[in-house]
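Encoded as C-alpha cells, the structure appears first; notes follow it.
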Protein chains: 2
Amino acid sequence: MTAESGAVFLTEGAHSAQLFTVLSGWAFRFKMLDDGRRQILNYVLPGDLVGLQGSVIGEMEHSVEALSPLVLCVFQRDRLDELFANHPGLAFDVTWLAAREERMLDDHLLSLGRRSALERAAYLLAFLHERAVSVGLGKGQGPVSIPLTQQHVADTLGLSIVHTNKTLRKLTNKGLIRWLGRSCEVLDATELARVAGWEGLGEPVRPLI
Amino acid sequence: MTAESGAVFLTEGAHSAQLFTVLSGWAFRFKMLDDGRRQILNYVLPGDLVGLQGSVIGEMEHSVEALSPLVLCVFQRDRLDELFANHPGLAFDVTWLAAREERMLDDHLLSLGRRSALERAAYLLAFLHERAVSVGLGKGQGPVSIPLTQQHVADTLGLSIVHTNKTLRKLTNKGLIRWLGRSCEVLDATELARVAGWEGLGEPVRPLI
DNA sequence: CGGAACTTTGAGTTTCCTCAAAAAATGTGG
DNA sequence: CCACATTTTTTGAGGAAACTCAAAGTTCCG
C-alpha cells in the first residue's frame with residue numbers, strides 16, 4: 001500500500017484498526033484537542049510498526065499522517081494472534097518495537113517537560129537525524145534532509161510557530177542546521193545533541209520486520 | 001519483594017535489569033538531566049509491569065522510585081524468552097501492557113505539549129484518580145487518596161514548584177481536590193476531566209498478570 | 001503567473017519562572 | 001509529650017520565556 005504526503009491514513013477512533021509496517025518514507029503520529037491544538041507524539045520511519053495500539057487494545061487514540069510519499073505493508077489484525085501462537089521470535093520482535101517506542105516517548109517527555117525551547121529544538125533534530133541515519137537515509141552525499149515544516153516542529157515541541165521560528169533561527173545562526181523549502185538539513189548532529197544534553201538512542205541491535 | 005516509600009529500586013543504566021509485577025503500592029518512573037532537572041514519566045500501580053524496557057532491549061534508560069510501601073513479584077529476565085515460546089497468551093498480555101503504557105505516554109505528551117498549567121494539573125489528577133479506581137483503590141469510604149507531594153506534581157507537569165502550588169490552589173478553591181499532608185484527595189474527578197478536556201482512558205478489558 | 005502555504009520580523013501581553021522568606025506539617029530523639 | 005531539624009506548602013515581587021496579533025517576505029505548486 002502507498003500513501004501520499006499529507007495523507008492521514010489512520011485516524012483516531014478507528015475501530016477496524018489495521019497494522020502496518022513502513023517500508024519507505026516518513027510519517028508522524030499525533031493527537032488533537034477539541035479546540036484544534038495539535039501535538040505530534042513521534043515520527044515514523046522505515047522499519048516502524050504503525051497501528052499496534054489499535055491492533056492490541058482495539059481502538060486507536062491517535063492519528064497518523066504521511067510527511068512524504070509512503071510505502072506500507074499491511075498486516076491483518078487477526079493474524080496477530082496467529083503470530084503470537086506460531087512465531088514467538090517475531091512476537092518478541094513486536095514487543096521489542098513497542099518497548100523502543102516507549103523509550104522514545106520517555107525521551108520526548110523529558111524534553112517537553114524539562115528542556116528549554118532551544119534545547120528542545122536541538123534534541124528533536126538530533127533525534128530525527130539519528131533515526132534517519134540508523135535506517136540508512138544518510139548514505140546520499142551531503143547532509144541528511146528531514147521532510148517537515150516549522151509548523152510540525154512547533155507541534156512536536158509544544159511551542160508556537162513564531163517562537164519555533166526564532167528558536168530554529170538560533171540553531172541556523174550557529175551553523176547546526178539549514179532550512180530548505182519544507183525540509184531541514186542537519187549539519188552538525190553532534191553539536192545539536194550537546195546543546196540538548198542528549199545521549200542519543202543507543203540502539204545496538206534491532207529486529208528486522 | 002518489597003520496597004520502602006522513597007526507595008529507588010531500579011536505576012537508569014542498570015544492565016542486569018529485572019522485570020517486576022507490582023502487587024500493591026504506588027511508584028513512578030522518571031528521568032533526570034545532568035543538572036538535576038527531573039521529569040516524571042508515568043506512575044506505576046498494582047498490575048503494572050516494571051522494567052520491561054530493560055528486559056526486552058537490554059538496558060534501562062529511566063529509574064523507578066516507590067511512592068508508598070510496595071510489594072513486587074520478581075521475574076527473571078531469561079524467562080521472558082520461555083514465556084514467548086510457551087505461553088503465547090501471556091506474551092500477548094505483556095505486549096498489551098506495553099501498548100497501554102504507550103497510550104498513557106501519548107496522553108501525557110499531549111498534556112505537556114499543548115495544555116495550560118491548570119489543564120495539565122486537572123488532567124494529571126483525573127488520570128491518577130481513574131487509574132486508582134480501576135485497580136480498586138476507590139473502595140474505601142470517601143474520596144480516593146493519591147500519595148504524592150507537590151514536587152512530584154511539578155516534576156510530572158514540567159512546571160516549577162511555585163507555579164504548581166498556585167495552580168493546585170485554584171483546583172482546591174474550585175472544590176475539585178484537597179491537599180492533605182503528602183497526598184491529594186480527588187473530590188470531583190468528572191469536573192477535573194472536563195477542565196482538562198480529557199476523555200478518560202477507556203479500558204474495557206485488561207489481562208491479569 | 002497567481003494563489004496558497006510557509007517563513008520571517010516586530011511589538012506588546014501573558015504565562016510561567018526565580019528568588020526570597022514565612023508558615024505549616026512531619027519526623028526524631030530525649 | 002516536647003523541642004528541634006527537616007521537609008513541605010504558601011505567599012509576594014520582579015524578571016524571563018514564550019505567546020498572540022499583525023503584517024511582510026518567500027517559496028511552492030498548479
Side-chain angles (χ1 to χ4, degrees), chain A residues 4-7 28 33 35-40 65-69 111-125 145-173 177-185 195-196, chain B residues 4-7 33 35-40 65 67-69 111-122 124-125 145-173 177-185 195:
Chain A
E4 309 260 310
S5 174
F28 62 92
L33 290 172
D35 61 5
R37 284 175 282 181
R38 179 176 75 168
Q39 178 63 39
I40 295 183
E65 183 177 325
L67 276 173
S68 71
S111 231
L112 281 189
R114 289 304 183 200
R115 282 195 247 251
S116 69
L118 189 72
E119 291 170 333
R120 269 185 248 183
Y123 159 72
L124 175 63
L125 296 171
S145 181
I146 303 167
L148 36 55
T149 69
Q150 296 190 3
Q151 184 68 66
H152 291 118
V153 175
D155 287 347
T156 308
L157 304 184
L159 300 172
S160 71
I161 176 87
V162 172
H163 196 61
T164 297
N165 179 270
K166 287 168 182 169
T167 303
L168 290 172
R169 180 130 298 282
K170 288 182 191 168
L171 293 178
T172 303
N173 291 342
I177 62 169
R178 191 167 15 174
W179 211 268
L180 297 174
R182 41 197 70 173
S183 72
C184 175
E185 282 187 351
V195 169
Chain B
E4 309 259 312
S5 175
L33 290 172
D35 60 4
R37 285 176 281 181
R38 178 176 75 167
Q39 179 63 39
I40 294 182
E65 182 177 325
L67 275 172
S68 71
S111 232
L112 282 190
R114 290 305 183 199
R115 280 196 247 252
S116 69
L118 188 72
E119 292 169 332
R120 267 184 251 183
L124 175 63
L125 296 171
S145 181
I146 303 166
L148 35 55
T149 67
Q150 296 190 5
Q151 184 68 65
H152 291 118
V153 175
D155 287 346
T156 308
L157 304 184
L159 300 172
S160 71
I161 176 87
V162 172
H163 197 62
T164 297
N165 178 271
K166 288 168 182 168
T167 303
L168 290 173
R169 180 129 299 280
K170 288 181 190 169
L171 293 178
T172 302
N173 292 341
I177 61 169
R178 191 166 15 174
W179 211 267
L180 296 175
R182 41 197 71 168
S183 72
C184 175
E185 282 187 352
V195 168

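In what follows, chains carry the letters A, B, and so on, assigned in the order in which the sequence lines appear, proteins first and then strands, with residues in each chain numbered from 1.
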Please work out if A:G6 contacts a base, only the sugar-phosphate, or nothing of the nucleic acid, heavy-atom cut-off 4.0 Å.
nothing

Between atom CD in B:E119 and atom P in C:dT15, what is the gap in whole Å?
12 Å

Do side-chain atoms of B:E185 reach the backbone of B:I146 as a donor and acceptor pair under 3.5 angstrom?
no

Keeping the roles fixed (side chain from B:S183, backbone from B:L148), state whether a donor-acceptor pair exists under 3.5 Å.
no

Give me the first and last nucleotide of DNA chain D, going 5' to 3', that has any atom under 4.0 Å from a heavy atom of chain A.
D:dA18 to D:dC28

List, with names and distances, any nitrogen or oxygen atoms from the protein found under 3.5 Å away from nitrogen or oxygen atoms belonging to nucleotides 3-7 of chain C.
| unit_1 | atom_1 | unit_2 | atom_2 | d |
| --- | --- | --- | --- | --- |
| C:dT7 | OP1 | A:W179 | NE1 | 2.7 |
| C:dT7 | OP2 | A:Q150 | N | 2.9 |

Any non-hydrogen side-chain atom of B:R38 less than 4.5 Å from a side-chain atom of B:H152?
yes

Do B:L157 and B:R115 have side chains that approach each other closer than 4.5 Å (heavy atoms only, starting at C-beta)?
no

Starting at atom CZ of A:R114, determine the distance to atom C1' of C:dC16, rounded to an integer number of angstrom.
12 Å

Which is more 5' along DNA chain D, the nucleotide nearest A:R115 or the one nearest A:L180? Just name the residue.
A:R115

Flag, side chain of A:R182 to backbone of A:Q150, donor-acceptor distance under 3.5 Å
no

Can you measure A:L168 atom CG to C:dT9 atom C1' for me and round it to whole angstrom units?
15 Å

Is A:L180 close to A:S145 at the side-chain level, that is, under 4.5 Å between some pair of heavy atoms?
no

Are A:L168 and A:T164 side-chain neighbours, meaning at least one heavy-atom pair lies under 4.5 Å?
yes

To check you understand the geometry: which heavy-atom pair defines the closest contact between A:L171 and A:A121, and what is its length?
CD1-CB, 3.8 Å

Identify the two heavy atoms, one from B:W179 and one from B:C184, that lie closest to each other, and give their separation to 0.1 Å.
CZ3-CB, 3.4 Å

Tell me the bend of the helix from C:dC1-D:dG30 to C:dG30-D:dC1 as the angle between end helix axes, each from five pairs, rounded to the nearest 10 degrees.
60°

Can a donor-acceptor pair be found, under 3.5 Å and without considering hydrogens, that links the side chain of A:R37 to the backbone of B:R114?
yes

Does any non-hydrogen side-chain atom of A:R120 lie less than 4.5 Å from one of A:T167?
no

